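Notes for the one structure printed next.
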Amino acid sequence: MNNVDILEQQVFAARKKLSTQEQLMVNDYVENNAVSPVAAWLLWVFLGQFGAHRFLFKKPYAALMLTLEIIGWVTIFFIIGLGFLSAVWIWWIVDAFSIQSWIKESRLKAAYKGITQITGKSVEELSGINYASFNGASFVNYSNQPQQPAQPINNQPVNNQPSSANVEPQQSSDSSSAQSVNDTDGDFTDFSKPKE
């Protein structure tokens, strides 16, 4: 199990503990802070041979790809340049198969940070899933913050008393029309997929 799978399980488990309003706020955070799929594919198509898509996702070897492309064009008059360019072009095509997983990872990282900022609690605390429970798999902390609780976005103190926005309404005797506020079945159920 890799880091993205662990992150996905943690984010989805934490999401189930959020109110509908908090989930919508996390969705907005993800849409504003994750890498845009359109931008990623445009960079891959037009500037991908120079590693622009790798720079966008902050992936390793982006500078190496750029360097090899430049060396290839500078030395094209000496047959060796074609070798450099061929290697970069193959690498560029192979990267096309990774972009979707990079987009998913970017959205999950944004959801991880968004949940932490909106609720003021860590994703591990909300989900109850700690990386140690995954057979010692290595884990990257995606919050980029020290292990201290984050402040909520509103800079209001977090308390355990329910606010009026989080209180479930009284259910009526008509069970067909009764529905919980936390019943979630919308576009925000999967953070890893961009809105269509």
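Owing to the predicted nature of the structure, the values given are computational and were not obtained by experimental measurement.
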Distance in Å, [X] [atom1] paired with [Y] [atom2], rounded so as to fall on 0.5 Å steps:
X	Y	atom1	atom2	value
E105	N2	CD	CG	8.5 Å
T119	L126	OG1	CG	4.5 Å
S127	K121	OG	NZ	12.0 Å
R15	E22	CZ	CD	12.0 Å
L24	T20	CG	OG1	7.0 Å
L66	I71	CG	CD1	9.5 Å

Does [X] share a hydrophobic cluster with [Y], counting links as ILVMFWY side-chain heavy atoms below 4.5 Å and allowing steps through other members?
X	Y	answer
F78	W73	no
V45	M65	yes
L85	I70	no
L64	F84	yes
V74	F50	yes

At their closest point, which heavy atom of [X] faces which heavy atom of [Y], and how far apart are they?
X	Y	answer
I99	A40	CG2-CB, 4.3 Å
R54	D95	NE-OD2, 2.8 Å
E8	L108	CB-CD1, 3.8 Å
L43	A52	CD2-CB, 4.0 Å
A14	V123	CB-CG1, 3.9 Å
A96	W41	O-CH2, 3.4 Å

Are side-chain heavy atoms of [X] and [Y] found at a separation under 4.5 Å?
X	Y	value
W92	W44	yes
L47	F55	no
I129	E124	no

Chi angles and distances behind the side-chain contact (heavy atoms from CB on, under 4.5 Å) call for F46, H53: CA-CA 10 Å; F46 294 109; H53 59 289; over 6 Å; no
Under the ring pair (Phe, Tyr, Trp, His ring centres under 6.0 Å) test, residues paired with W102 that sit two or more places apart: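 Partners of W102 by the ring pair (Phe, Tyr, Trp, His ring centres under 6.0 Å) criterion, ordered by chain and then number, come out as F57.
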Flag if over 12 foreign heavy atoms under 6.0 Å of CD1, I93: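 Above 12, so yes.
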